[in-house]
Enquirer: 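Sharing a structure, written as structure tokens. Questions coming.
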Amino acid sequence: MAKVKGDIIIDIEKCKGCELCIEACSQKSLETSRQVNQKGYLYIVKIEDNCTGCTNCALVCPEGAITVYRKTDKSKKQVAKITNITKDTTVTVNE
Amino acid sequence: MNEKRMLDDQHFEQMIEEESICTTDNKVYEAPLDALYDTAMHYCPGCGHGVVHRILAEVIEEMGIIKDIIGVAPVGCSVLAYNYLNIDMSEAAHGRASAAATGIKRVLPEKYVFSYQGDGDLAAIGTGETIHTCNRGENILILFINNGIYGMTGGQMAPTTLPGMKSTTSPFGRDVETMGAPLKITDLVAQLPGTAYVTRQSVHKPGNVRKTKKAIQKALEYQKNGDGGTCFVEVVSNCPSNWKMTPVQSNKWMEENMLPFYPLGDLKKPNGKEK
Ligand SMILES: Cc1ncc(C[n+]2csc(CCOP(=O)(O)OP(=O)(O)O)c2C)c(N)n1
Ligand code: SF4
Ligand code: SF4
Ligand code: SF4
Ligand SMILES: [Mg+2]
């Protein structure tokens, strides 16, 4: 599995299911869920782990429902200590 | 078996580690919740008004002027803008937002002042106020959301409605012969000596959202420097509900039909420099 570079958190109660974010995401990470939120809208969910944290989805969202995270160089240093774990896990995936 | 379990544990740990990417350190984008109330807006799904509110709030937050800016809301779908923007705001009678903003700016010249208006508000009932505010060169920002229709009242034809475009009052499409050609009011005010910065942007794609945000920021900076006149930022926008399209379709339609007629870009820059 590709290493996660970016991630998003969607405020599903704010989302109105307009799908503009789906259109804006070049990674095709987003899809409409099959459930509705309290207001009755089919909200958006992330369906792939390939998000790059590009913020495109959040920029076009009229509801400001998306918060975007991206691994920065700073955080890369922070997680450096788990490099070994990642390596080991790669073995698991290969298995 | 034991080994496998150990590896599973490690996998799990890695998953947690991966989840932890959602930390404050890694946050690259969040809605501007100081200048924008943390509440649902009443706009239809996919409406450009929401995006413009958000980037306006972003600029206000980034410039640190939440307490130093006063907005004037129009009559139209954005009539409730003061319920969403956490800044001082006033409401104006239909079309009169730029006149109200003039009064506020003249009494409180140290404040940033803007009007936020739709095309029906700014280019139909408020044409007079708009042109004279720009002609007087009031040092305010006029933010003009052009969706080519009267959104709030159910999709009547606006002065900005495209030729052939259907609306409830032009059910067979706008006939230029009898209804006149669409009014490019932004081009019109760019001719006036009173305007300093006139630009036309959109918010249908991420890149355009960034540009519009930049334009709003520039306009407010010019206002602060007193760079000689009214700043006029048009945002070509959509109205999925009254265009009777899905939000995605409406943005596509806008790009294919509105943008050729209302081309994006700066029409006038400060110091009289034209495009
Ligand atoms: C004096 C007066 N005349 C007419 C109206 C009815 N009215 C309300 S909103 C509106 C047009 C709004 O269109 P626009 O400014 O384009 O805003 P949008 O909803 O499209 O954002 C009209 C004609 C009114 N409220 N007051
Ligand atoms: S941040 Fe970019 S890659 Fe990630 S979901 Fe949003 S648009 Fe897609
Ligand atoms: S753009 Fe925003 S409101 Fe529209 S579907 Fe995506 S998250 Fe929901
Ligand atoms: S009617 Fe049109 S302009 Fe008004 S909120 Fe709905 S989509 Fe937006
Ligand atoms: Mg309108």
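The analysis underlying the following values was restricted to heavy atoms, covering all of them including side chains, and did not include hydrogens, waters or symmetry mates. Just so we're on the same page: letters track the sequence lines, and every chain starts at 1.
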Enquirer: What part of A:C15 gets closer than 4.5 Å to chain B, counting heavy atoms only: side chain, backbone, both or neither?
Expert: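 Neither; nothing under 4.5 Å.
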Enquirer: Between B:N26 and A:R70, is any pair of side-chain heavy atoms under 4.5 Å apart?
Expert: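 They are not in side-chain contact.
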Enquirer: Answer with side chain, backbone, both or neither: which region of B:V248 has an atom nearer than 4.5 Å to a non-hydrogen atom of chain A?
Expert: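 For B:V248, backbone and side chain are both near chain A.
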Enquirer: Looking at every non-hydrogen atom in both residues, tell me the closest pair between B:I21 and A:K5 and how far apart they are.
Expert: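 Closest approach of B:I21 to A:K5: CD1-O, 3.2 Å.
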Enquirer: At a heavy-atom separation under 4.5 Å, does A:I22 approach chain B through its side chain, its backbone, both, or neither?
Expert: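 The answer is neither part of A:I22.
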Enquirer: Which of the residues A:G17, A:A65, A:C61 is involved in the greatest number of heavy-atom pairs with chain B at under 4.5 angstrom?
Expert: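 Most pairs with chain B among the choices: A:C61.
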Enquirer: Counting only heavy atoms closer than 4.5 Å, note whether B:L36 contacts chain A via side chain, backbone, both or neither.
Expert: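 When you check distances to chain A, no heavy atom of B:L36 falls under 4.5 Å.
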Enquirer: List the atom of A:K16, the atom of B:M41, and the distance in Å for their closest heavy-atom pair.
Expert: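 The answer is NZ-O, 2.6 Å.
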Enquirer: Top residue by heavy-atom pair count (under 4.5 Å) with chain A, among B:G207, B:G50, B:P240?
Expert: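 Highest number of pairs under 4.5 Å: B:G50.
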Enquirer: Nearest heavy-atom pair of A:G53 and B:V28: which atoms, and what distance?
Expert: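 That closest heavy-atom pairing would be O-CG2, 4.1 Å.
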Enquirer: Do A:V60 and B:V51 come within less than 4.5 Å of each other through their side chains, counting heavy atoms only?
Expert: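 No. Closest side-chain heavy atoms not under 4.5 Å.
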Enquirer: Rounded at 0.5 Å granularity, tell me how far CG in A:L59 sits from NZ in B:K205.
Expert: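 Going from the CG atom of A:L59 to the NZ atom of B:K205 covers 14.0 Å.
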Enquirer: Please look at B:N208 and chain A and tell me whether the side chain, the backbone, both or neither of the residue comes under 4.5 angstrom of a heavy atom of that chain.
Expert: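 Neither; nothing under 4.5 Å.
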Enquirer: Please give me the minimum heavy-atom distance between B:Y29 and A:A58, naming the atom from each residue.
Expert: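 The answer is CD2-CB, 3.4 Å.
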Enquirer: After noting the C-alpha distance and the side-chain angles of B:D38 and A:K14, does the key distance pass the side chain to side chain contact (heavy atoms under 4.5 Å, CB included) rule?
Expert: CA-CA 9 Å; B:D38 189 5; A:K14 270 194 189 164; 2.7 Å; yes
Enquirer: With a 4.5 Å heavy-atom cut-off, do A:T55 and B:R210 have their side chains touching?
Expert: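 Yes. Closest side-chain heavy atoms under 4.5 Å.
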Enquirer: Quick check for you: among A:D11, A:N56, A:I8, which has the greatest number of heavy-atom pairs under 4.5 Å with chain B?
Expert: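 If we count pairs closer than 4.5 Å to chain B, A:N56 comes out on top.
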Enquirer: What part of A:E23 gets closer than 4.5 Å to chain B, counting heavy atoms only: side chain, backbone, both or neither?
Expert: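 Just the side chain, heavy atoms under 4.5 Å.
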Enquirer: Closest approach of B:G46 and A:C18, non-hydrogen atoms and distance?
Expert: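 Between these two residues, the closest heavy atoms are N-CB, 3.3 Å.
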Enquirer: Nearest 0.5 Å, please: how far is OG1 in B:T23 from NZ in A:K71?
Expert: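 Between atom NZ of A:K71 and atom OG1 of B:T23 there are 10.0 Å.
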Enquirer: What residue in B:A31, B:C44, B:P45 has the most heavy-atom pairs under 4.5 Å with chain A?
Expert: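 The option with the most such pairs is B:P45.
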Enquirer: Starting at CG of A:L20, measure out to SG of B:C47 and round the result to the nearest 0.5 Å.
Expert: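 Spacing of CG (A:L20) from SG (B:C47) equals 10.0 Å.
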Enquirer: Name, in order of residue number, those residues of residues 24-44 of chain A that have a heavy atom at a distance of less than 4.5 Å from a heavy atom in chain B; otherwise write 'none'.
Expert: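 If one takes a 4.5 Å heavy-atom cut-off, the residues of residues 24-44 of chain A near chain B are A:A24, A:K39, A:Y41.
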